[in-house]
Structures are given as structure tokens and as C-alpha cells.
Amino acid sequence: MRSRAAFLILMTAVPSIIVAQAPAPVAAAFRNAEASRARILVAAAEAMPADHYSYKPTPAQMSFGDVVSHVAEGNDYLCGEIGGMKPPSRAPVTETSSKDVLVARLKETFQFCNDAIASLDDSKLSEELPFFGGRKVSRAGIMIETVGDWADHYSQASVYLRMNGQLPPTAKKP
């Protein structure tokens with residue numbers, strides 16, 4: 001009977017011990033998303049031929065180079081806010097910058113993201129931070145917006161690649 005009682009006590013205590021020792025699951029998920037999106041967005045930027053960086057499906061849409069430039073600029077702002085780090089000062093790039101310059105910048109900004117969120121934990125997810133237009137948004141809200149933004153722009157880059165005869169990185173067999 002004692003061994004059964006000890007077993008029941010142990011079985012009820014173990015889950016709470018495991019939960020107490022688990023790393024910050026939201027921050028860890030965001031770091032994983034950042035690493036994954038960095039890999040595929042950089043791969044998409046590398047896959048597009050340099051002479052197609054000015055490509056846009058319609059005159060009203062962003063060019064491929066503009067998408068890459070936009071993601072890089074967004075990385076500095078969004079990851080800086082999320083991680084509480086001031087982004088580095090960088091020379092401006094635009095959609096007309098060369099492919100090499102834009103790919104290098106995209107890599108630099110994803111490295112900044114990686115550094116900015118390295119010590120992120122779940123303790124300040126509800127903290128209100130300034131966001132576009134001066135409104136306040138929780139850190140968690142900005143994290144969700146950022147992952148959505150990366151997905152949106154990867155999807156956009158994938159369509160542009162396909163329209164230029166290229167297979168997007170996630171469509172390639174490993």
C-alpha cells in the first residue's frame with residue numbers, strides 16, 4: 001500500500017516539476033519560427049536570378065527586390081521591438097539595389113533578429129510596446145504579426161519565383 005501511495009504522489013508531482021522546468025514555450029516557438037523563416041526567405045532571395053529582381057506581376061505590386069528590401073527593413077524594426085534592442089545603423093538599400101546587396105542585407109537583419117531574441121522569455125509577453133502608427137501592442141501581438149509577415153512575404157516571393165520559372169525553396173525535395 002505504501003508503494004502505491006508513493007507512486008501516486010510521484011505521478012502527481014512529476015508533471016508540475018516538468019512544467020516548472022520547461023523553457024519559455026512561446027519565446028522558444030518564436031525563435032524556431034525566426035530560424036525557419038530566415039532560412040527559407042534567404043533561400044528564396046538567393047534563388048531569384050539577379051536580372052529578375054525588378055520583376056513585379058502587375059505595375060501596382062512590389063518588385064521582388066522591393067519584397068526583399070521590405071523584409072530586411074521590417075526585421076530590424078520588428079525584432080528590435082520584440083527583443084528590446086536598438087537595431088544597428090545601416091546604409092540604406094532599396095529595391096533597385098543589386099541582388100548581392102539585398103541578399104547580404106537580408107542575412108544581416110536575420111542575424112540581428114537572432115541576436116535580439118536570443119534572451120527572449122515569456123515573462124513580458126503582455127508588455128505593451130509602441131507599434132506602427134504609435135499604437136500600443138503587446139509583445140506577443142508583435143511576435144504574432146511578425147511570423148505572419150514572414151509567411152506572407154515568403155508566399156509572395158514563392159509566387160514571384162514560380163512566375164519566373166523557379167521552384168521555391170520549400171517546394172524542392174530535400
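In this chain, numbering begins with 1 at the start of the sequence shown. Below, all heavy atoms of this structure are taken into account, side chains as well, without hydrogens, waters or symmetry copies.
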Checklist entry - Do the ring planes of Phe110 and Trp150 sit parallel (below 30°), tilted (30 to 60°) or perpendicular (above 60°)? => result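 Answer is tilted, since the angle falls between 30° and 60°.
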Next on the checklist: Which label fits Tyr77 and Phe132: parallel for a plane angle under 30°, tilted from 30 to 60°, or perpendicular past 60°?
Outcome noted: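 Tyr77 and Phe132: tilted rings.
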Checklist entry - Do the side-chain N and O atoms of Asp152 and Gln156 include a donor-acceptor pair separated by under 3.5 angstrom? => result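 Short answer, no.
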Checklist entry - Are Ser123 and Asp121 close enough that a side-chain donor and a side-chain acceptor fall under 3.5 Å? => result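 Yes - a donor-acceptor pair under 3.5 Å links their side chains.
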Is it true that a side-chain atom of [X] and a backbone atom of [Y] form a donor plus acceptor pair closer than 3.5 Å?
X     : Y      : value
Arg31 : Ile117 : yes
Ser36 : Ala33  : no
Lys99 : Asp51  : no

Student check: side-chain heavy atoms of [X] and [Y] closer than 4.5 Å:
X      : Y      : result
Val137 : Glu145 : no
Ser138 : Glu127 : no
Asn75  : Phe112 : no

Item to check | Path from Met62 to Leu161 over hydrophobic side-chain contacts below 4.5 Å | outcome: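 In one cluster: yes.
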Next on the checklist: For Arg105 and Glu108: C-alpha separation, side-chain torsions, deciding distance, then whether salt bridge (charged side-chain N to carboxylate O under 4.0 Å, His left out) applies.
Outcome noted: CA-CA 5 Å; Arg105 176 58 53 86; Glu108 290 169 358; 3.0 Å; yes
